[in-house]
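Comments concern the structure below.
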Amino acid sequence: MPDDKRVAVLGAGMHPWGKWGRNFVEYGLAAAGDALNDAGVAWTDVQFVSGADTIRNGYPGFIAGATFAQALGWTGARVSSSYAACASGAQAVSNARAQILAGLCDVALVVGADTTPKGFFTPVGGDRKDDPDWLRFHLLGATNPTYFALYARRRMELFGATETDFAAVKVKNARHGLENPYARYRKEVTIDEVLSSPMVADPLRLLEICATSDGGAALVLTSMEFARRHAGTDKLVTIDAVSTVTPRYPQTVIEMPNFSTDSAASTSTPGPTFKQSVALAAYEEAGIGPEDINVAEVYDLSSALELDWYEDIGLCKEGEAERMLRDGDTTIGGRIPVNPSGGLSCFGEAIPAQAIAQVCELVWQVRGQAEGRQVDGARVGITANQGLFGHGSSIIVAS
Amino acid sequence: MPSAKTRVPAIDGWFTLDDDAPTLLGSRCTSCGTYAFPKETFFCRNPGCQGKEFAEAPLSRRGTVWSYTDACYQPPKPYVAADPYVPFSIAAVELAAEQMVVMGQVVPGVGVDELSVGTEVELVLDTLYEDDEHEYIVWKWKPVSGGSEVSDA
């Protein structure tokens, strides 16, 4: 891949996920510090700060780029602040990459962090009858797990997925995350434990729905030329694609926070679904296909949703995800391990940090530094994720 | 004792208050015929259409279940829950004519065991919550009694 189409990842850093209850800036600062150390780059050499925003921490959260820049000490670096719900991190990576590829800077720092409340995510407060996200709670009582459960039930009825399959995803991810120092939950669970945890949104149980967590993640991205000079080597970890696509009309799968799908009444046959198009765009940009992927980090907001992603990122055909799971293909040691980090299952969701954290894990995987969870021979990895209202997020990392 | 409370829609303009045969009120682009729910008022969602005028479109009263779940735990505000909380089912329902899927709560007393993909349901009105003076009404899906189940698999 030519240098004008990719950027180098010189550093990756994270603050452990948990329920620490401290200011989100602290987590972002810790992650940024680790990423800068990992890169061997001084903060004062960063020319562009790309913040992934959170709406849960007041005004500083909405302008996270500058918030982190101030916390690191004002240097006059250029800044951007991105909000795209769960895909905020991908937007921040995309902005930094665009600046580098445009030749406007050589060194960029991407940071995202969050402090979350306990329990269900809730919409922005007030009486907001023009906001679908507010209205779906008010008129339907539809929480995020409601939507995850609709997809899960559909898998069961169309493809014969079982509750045991969904539980097996959780069991796999719990095992993957055991040795991950950044994971919040590091405990093995059994199928029986999953299946005896309380039902939240049938068929999904408490242990199958991702928690809300505090955490932070950061990356140091640079131009290829800078990276070669700085690292003194051609062996670099690169970001070869960043997909930030929106859906194509008509979107015929119900998506959070909507009340309805688009109508397909007046158009020709729908193309790929949104989730499929997210990864397709990344593959196209990187000039590779699913057959080139060694490892994937996907957004397992629920155990069942991970199975949807196997198909949507092209690891198998529609309806074959359960077989992949049962055959152990997606377990570390299998054909294409998925969520070796432990995924959201072990992390819980720290929204603006999550898409960045997925990239951190792939960086460590392709470097061979993912101690206790290393995927043998990992060279190319893909992330997949999706932000509320139609923000696609998929990033391809290669070494 | 009959309720002396005034029945008002929980949201204005999204459905009719016709108890016998309520309908959801969507919109239809006068240029390309695309449906939307809730109503679209200023742009057509079809990227191939420049339409800016929309007719109110009562949506099909019957459809088939695309998928379904329930809310075992009380949803957070701004949901207004009864005390004590009573779990309810939720369905995403496919409307054939409009070729779209519309969400709704399922009427009280219908659990997930009584639903499946393809179950035929119809639109009814029910109380979402009430205060001292008003009953706030919302649309819900109700399995068609004695209706046959069709599979869309």
Side-chain angles (χ1 to χ4, degrees), chain A residues 117 119-132 134-143 145-159 198-206 248-255 257-268 270, chain B residues 10-12 14 24 26 28-29 31-38 44-49 59 66-81 87-92 94-95 97-105 111-113 115-118 128-129 138-139 151-153:
Chain A
F120 287 117
F121 277 137
T122 61
V124 175
D127 191 29
R128 301 165 55 82
K129 293 202 169 179
D130 57 352
D131 174 1
W134 189 91
L135 284 169
R136 54 129 170 171
F137 282 89
H138 183 62
L139 296 176
L140 299 177
T143 60
T146 300
Y147 292 82
F148 312 154
L150 292 176
Y151 307 141
R153 174 56 66 181
R154 186 108 180 134
R155 283 206 76 82
M156 294 176 87
E157 297 225 2
L158 262 56
F159 305 134
M199 192 70 86
V200 174
D202 185 280
L204 298 175
R205 296 172 181 277
L206 190 62
R248 282 174 188 275
Y249 181 87
Q251 190 177 13
T252 56
V253 177
I254 188 82
E255 291 283 0
N258 298 332
F259 284 84
S260 73
T261 62
D262 289 333
S263 158
S266 66
T267 58
S268 52
Chain B
I11 185 157
D12 289 329
W14 283 35
L24 293 170
R28 192 160 195 210
C29 175
S31 302
C32 75
T34 285
Y35 292 93
F37 178 80
C44 181
R45 296 178 182 200
N46 179 352
C49 176
L59 303 185
W66 182 83
S67 192
Y68 57 95
T69 181
D70 57 11
C72 302
Y73 288 84
Q74 180 175 322
K77 288 177 185 171
Y79 188 70
V80 185
F88 56 90
S89 302
I90 297 180
E94 236 171 338
L95 306 181
E98 294 81 1
Q99 292 190 50
M100 64 195 290
V101 171
V102 179
M103 305 252 296
Q105 284 192 10
V112 290
D113 293 347
L115 298 168
S116 49
V117 170
L128 180 63
Y129 63 100
V138 77
W139 78 91
S151 172
D152 72 345

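Keep in mind that what you see is a predicted model, and the values were worked out from it rather than measured. Throughout, a chain's letter reflects where its sequence line sits, starting with A, and its residues are numbered from 1.
- You'll find the side chain of B:Trp14 reaches within 4.5 Å of the side chain of A:Leu135, heavy atoms only.
- Both the backbone and the side chain of B:Val101 come within contact range of chain A, with heavy atoms under 4.5 Å apart.
- Here the closest heavy-atom approach between residue A:Pro123 and residue B:Lys77 is recorded as CD-O, 4.0 Å.
- Rounding to the nearest 0.5 angstrom, the gap separating the CH2 atom in B:Trp66 from the CD atom in A:Glu157 is 11.5 Å.
- Distance check: B:Tyr73 OH to A:Met199 CE gives 10.5 Å after rounding to the nearest 0.5 Å.
- The contact between B:Val102 and chain A is made by backbone and side chain atoms together, counting heavy-atom distances below 4.5 Å.
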Exercise. Applying side chain to side chain contact (heavy atoms under 4.5 Å, CB included), run through B:Trp139 and A:Leu140 and close with a yes or a no.
Key: CA-CA 9 Å; B:Trp139 78 91; A:Leu140 299 177; 4.1 Å; yes
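- Of the inter-residue distances, the one linking A:Met156 atom CE with B:Ser67 atom OG reads 10.0 Å to the nearest 0.5 angstrom.
- Ranked by heavy-atom pairs under 4.5 Å with chain A, the first of B:Tyr68, B:Tyr129, B:Tyr35 is B:Tyr68.
- No donor-acceptor contact under 3.5 angstrom links the side chains of B:Thr69 and A:Thr146, judged on distance only.
- Side-chain atoms of B:Thr34 and A:Tyr249 form a donor-acceptor pair, as typed in the model, at a separation below 3.5 Å.
- Only the backbone of A:Asn258 comes within less than 4.5 Å of a heavy atom in chain B; its side chain stays farther off.
- Between A:Gly141 and B:Ile90, the closest heavy-atom pair is O-CD1, 4.0 Å.
- Between atom CG of residue A:Asp262 and atom CD of residue B:Gln99 there is a gap of 12.0 Å, rounded to the nearest 0.5 Å.
- Contact of B:Ala81 with chain A is not made at all, since no heavy-atom distance falls under 4.5 Å.
- Contact of B:Ala36 with chain A is not made at all, since no heavy-atom distance falls under 4.5 Å.
- A donor-acceptor pair under 3.5 Å is absent between the side-chain atoms of A:Asp202 and the main chain of B:Asp70, judged by distance alone.
- Taking 4.5 Å as the limit, some side-chain heavy atom of B:Met103 sits within range of a side-chain heavy atom of A:Leu150.
- Residues satisfying the ring pair (Phe, Tyr, Trp, His ring centres under 6.0 Å) criterion with B:Phe88, sequence neighbours excluded, are B:Tyr79.
- Residue A:Tyr147 touches chain B through its side chain alone, counting heavy-atom pairs closer than 4.5 Å.
- Of the atoms belonging to A:Pro132, not a single heavy atom falls under 4.5 Å from chain B.
- With chain A as partner, the option from B:Pro75, B:Pro76, B:Cys32, B:Ala71 having the largest number of non-hydrogen pairs under 4.5 angstrom is B:Pro76.
- Although no hydrogens or angles enter the test, the distance criterion places no donor-acceptor pair under 3.5 Å between the side chain of A:Ser266 and the main chain of B:Gly33.
- Interface remark: A:Ala152 contributes no atoms to any contact with chain B (heavy atom separation under 4.5 Å).
- With values rounded to the nearest 0.5 angstrom, A:Ser263 atom OG is found 9.5 Å from B:Arg45 atom CZ.
- For the atom pair CD1 of B:Ile11 and NE2 of A:His138, the computed distance is 7.5 Å after rounding to the nearest 0.5 Å.
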